[in-house]
S.K.: 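Got a structure for you, questions after.
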Amino acid sequence: MSVPEYMTAMEIAQPGGPEMLRPVLRPTPKPGPDEVLIEVTAAGINRPDVLQRLGKYDPPPGTTDIPGLEVSGRIVALGAGVSGWEKGDRVCALLAGGGYAEYCVAPASQCLPIPDGLKLVEAAVVPETFFTVWSNVFDRGRLQSGESFLVHGGSSGIGTTAIQLAKAFGARVFATAGSAEKCRACTELGADRAIDYREEDFVAVIKDMTDGKGVDVVLDMVGGDYIPRSIDCMAVEGRHVSIAFLQGGKVTVDFFPVMTKRLTLTGSTLRARPIADKAAIAGRLREKVWPLLAAGRVRPVLHQSFPLTEAGAAHALMESSGHIGKIALKVRG
Ligand SMILES: NC(=O)c1ccc[n+]([C@@H]2O[C@H](COP(=O)([O-])OP(=O)(O)OC[C@H]3O[C@@H](n4cnc5c(N)ncnc54)[C@H](OP(=O)(O)O)[C@@H]3O)[C@@H](O)[C@H]2O)c1
């Protein structure tokens, strides 16, 4: 397996629009201790990449400036101390950056085997949303079988994953989305009721559908007035998990129901968490979710893929919110 000294990568020339993503030649990275070098087949696009391109979400210290939080491909070199993987193994991997490139390095503990039955391009769009949903809905949100769950942005990459996993683990699932077509996609993925937020008030629908009881867990990426409105339709002992604030993080909230309903308000970002935390999440995914992927009970929803050098067009599509599910970059093959 010969590895070239230089590779093509997409860099952010300067903060700005999708046209700021430009192909460049960069030295092929070398795997450090406990890392592997991956010859990338495909990379997933995520909304945090758009924020990074806009200059609003810098990579953690020590991380490459090349965007890209997830890839699939073939391991072509091993750093010192790596066990459990061999050269030639096909994997998908969660990254802190560097996925928009022909080669990238990943912590060995953040690699997972390609789930049976998935193409490499489909496997590329699994890690970021599956790690995020698992750690926020099941670890932090403690969603249990028989409970009810509401995800905002149900047709997003995160939302399409959250709907399927919550359903597979026995929850009653509600989702909000911005059109009838997106709502249809949510119900086809398993949501018991999708709410078109442009046509209906999700608070009223949730109260009606739960006989006034409310939902046990909310996964929110919208923020703004969704936070007090979600609190209004949460059940006693409910858990509210924030993962983004598309409508802003500064809100006026009446904490009275937080007290009387004994609610938990929490949240997290995945990218900045220590490698050991991500390795632990990888372990839980491999045990509990990989069998569901292999059985076809949950699947990544791939909306469209673009060649690596058209990353700007892929970002423009994501910012238009015209997609349902995930967007990928095909790097080779
Ligand atoms: N905390 C973490 O660890 C973490 C990790 C990954 C992603 N995230 C966040 O999770 C969110 C989803 O990521 P993704 O990659 O799945 O993105 P995505 O597919 O682009 O989804 C974003 C969705 O949000 C909705 N939306 C956009 N602007 C909105 C607005 N102003 N108000 C209400 N809804 C809006 C859109 O759906 P509609 O057309 O229905 O409005 C869109 O489908 C992003 O905000 C991302 O930053 C957080």
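Counting starts at 1 for both ligands and their atoms, following the listed order.
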S.K.: Please say whether Ser321 places an N or O atom under 3.5 Å from an N or O atom belonging to ligand 1.
M.R.: no

S.K.: Would you say the side-chain atoms of Thr266 and Arg140 include a donor-acceptor pair closer than 3.5 Å?
M.R.: yes

S.K.: Any non-hydrogen side-chain atom of Arg193 less than 4.5 Å from a side-chain atom of Ile195?
M.R.: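 Yes, close enough: below the 4.5 Å cut-off.
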
S.K.: Does one side chain, of His323 or Ser155, offer a donor that lies under 3.5 Å from an acceptor on the other?
M.R.: no

S.K.: Quick one about Asp220 and Ser230 (side-chain donor to acceptor, distance below 3.5 Å, no hydrogens or angles considered), yes or no?
M.R.: no

S.K.: Would you confirm whether Arg53, through its side chain, and Gly16, through its main-chain N or O, come within 3.5 Å as a donor-acceptor pair?
M.R.: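 Answer holds: yes.
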
S.K.: For ligand 1 and His323, I'd like to know whether there is a polar contact (N/O to N/O, distance under 3.5 Å).
M.R.: yes

S.K.: Can you report which non-hydrogen protein atom sits closest to atom 15 (O) of ligand 1, along with the distance?
M.R.: Arg47 N, 3.0 Å

S.K.: Counting distance only, does the side-chain N/O of Thr63 pair as donor-acceptor with the main-chain N or O of Pro59 below 3.5 Å?
M.R.: no

S.K.: Determine, using heavy atoms of Gly153 and all atoms of ligand 1, whether some pair is separated by less than 4.0 Å.
M.R.: no

S.K.: Against heavy atoms of Thr269, which atoms of ligand 1 measure under 4.0 Å?
M.R.: 1 (N), 2 (C), 3 (O)

S.K.: Specify the protein heavy atom at minimum distance from atom 37 (O) of ligand 1: its residue, its atom name, and the distance to 0.1 Å.
M.R.: Lys182 NZ, 3.8 Å

S.K.: Looking only at atom types and distance, does a side-chain atom of Lys261 sit under 3.5 Å from a main-chain N or O of Glu237, one as donor and one as acceptor?
M.R.: no

S.K.: Below a 4.0 angstrom heavy-atom separation, can you tell me which part of Ser156, side chain or backbone, both or neither, approaches ligand 1?
M.R.: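 Both of them.
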
S.K.: Can you list the atoms of ligand 1 that are under 4.0 Å from a heavy atom of Tyr197?
M.R.: 38 (P), 40 (O), 41 (O)

S.K.: Answer whether the closest heavy-atom distance between the side chains of Pro113 and Trp85 falls below 4.5 Å.
M.R.: yes

S.K.: Quick test: of every protein heavy atom, which one is nearest to atom 11 (C) of ligand 1, and how far off is it to 0.1 Å?
M.R.: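 Residue, atom and distance for the closest contact: Met221 SD, 3.6 Å.
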
S.K.: Examine Phe169 together with Phe138 and report whether their ring centres are nearer than 6.0 Å.
M.R.: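 When the ring centroids of Phe169 and Phe138 are compared, they turn out to be within the sub-6.0 Å range.
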
S.K.: What atoms in ligand 1 come closer than 4.0 Å to a heavy atom of Gly157?
M.R.: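 So the atoms of ligand 1 that pass are 16 (O), 19 (O).
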
S.K.: Does a donor on one side chain sit under 3.5 Å from an acceptor on the other, for Gln52 and Arg47?
M.R.: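 On atom types as modelled, these side chains do not qualify, holding no pair under 3.5 Å.
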
S.K.: Please say whether Leu270 places an N or O atom under 3.5 Å from an N or O atom belonging to ligand 1.
M.R.: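 The answer is yes, given that Leu270 and ligand 1 share an N or O pair closer than 3.5 Å.
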
S.K.: With Arg26 as the cation and Tyr100 as the aromatic partner, state whether NZ or CZ is under 6.0 Å from the six-membered ring centre and within 45° of the axis.
M.R.: no

S.K.: Look at the rings of Phe202 and Tyr226 and say which category their plane angle falls in: under 30° parallel, 30 to 60° tilted, over 60° perpendicular.
M.R.: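 Rings of Phe202 and Tyr226: tilted, 30 to 60°.
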
S.K.: Quick test: of every protein heavy atom, which one is nearest to atom 40 (O) of ligand 1, and how far off is it to 0.1 Å?
M.R.: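 For this ligand atom, the closest protein heavy atom is Gly178 N, 2.7 Å.
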
S.K.: Indicate, as side chain, backbone, both or neither, the part of Ile158 found under 4.0 angstrom from ligand 1 when only non-hydrogen atoms are considered.
M.R.: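 Both backbone and side chain.
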
S.K.: Compare all side-chain heavy atoms of Thr41 with those of Val121 and state whether any distance is below 4.5 angstrom.
M.R.: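 Side-chain contact under 4.5 Å: no.
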
S.K.: Could you tell me whether Glu128 and ligand 1 have an N or O pair separated by under 3.5 Å?
M.R.: no

S.K.: For ligand 1, indicate whether the residue Gln247 contacts it via side chain, backbone, both or neither (heavy-atom separation under 4.0 Å).
M.R.: side chain

S.K.: Give the residue, atom name and distance (to 0.1 Å) of the protein heavy atom nearest atom 26 (N) of ligand 1.
M.R.: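 I find the closest protein heavy atom is Leu246 CD1, 3.6 Å.
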
S.K.: What heavy-atom pair brings Leu165 and Val298 nearest, and what distance separates the two atoms?
M.R.: CD2-CG1, 4.0 Å

S.K.: Around atom 48 (C) of ligand 1, find the nearest protein heavy atom and jot down its residue, atom name and distance.
M.R.: Ile243 O, 3.1 Å

S.K.: I need the atoms of ligand 1 closer than 4.0 Å to a non-hydrogen atom of Ser268, numbered in the order shown.
M.R.: 1 (N), 2 (C), 3 (O)

S.K.: For ligand 1, indicate whether the residue Ser179 contacts it via side chain, backbone, both or neither (heavy-atom separation under 4.0 Å).
M.R.: neither

S.K.: Taking only heavy atoms of Met318 into account, list the atoms of ligand 1 that are under 4.0 Å away from them.
M.R.: 20 (O)

S.K.: Which atoms from ligand 1 have a heavy atom of Ala177 less than 4.0 Å away?
M.R.: 40 (O)

S.K.: Side chain or backbone, does Arg271 bring an N or O within less than 3.5 Å of an N or O on ligand 1?
M.R.: no

S.K.: Can you tell me the protein heavy atom closest to atom 45 (O) of ligand 1 and the distance?
M.R.: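 The protein heavy atom lying closest is Ala244 CB, 3.1 Å.
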
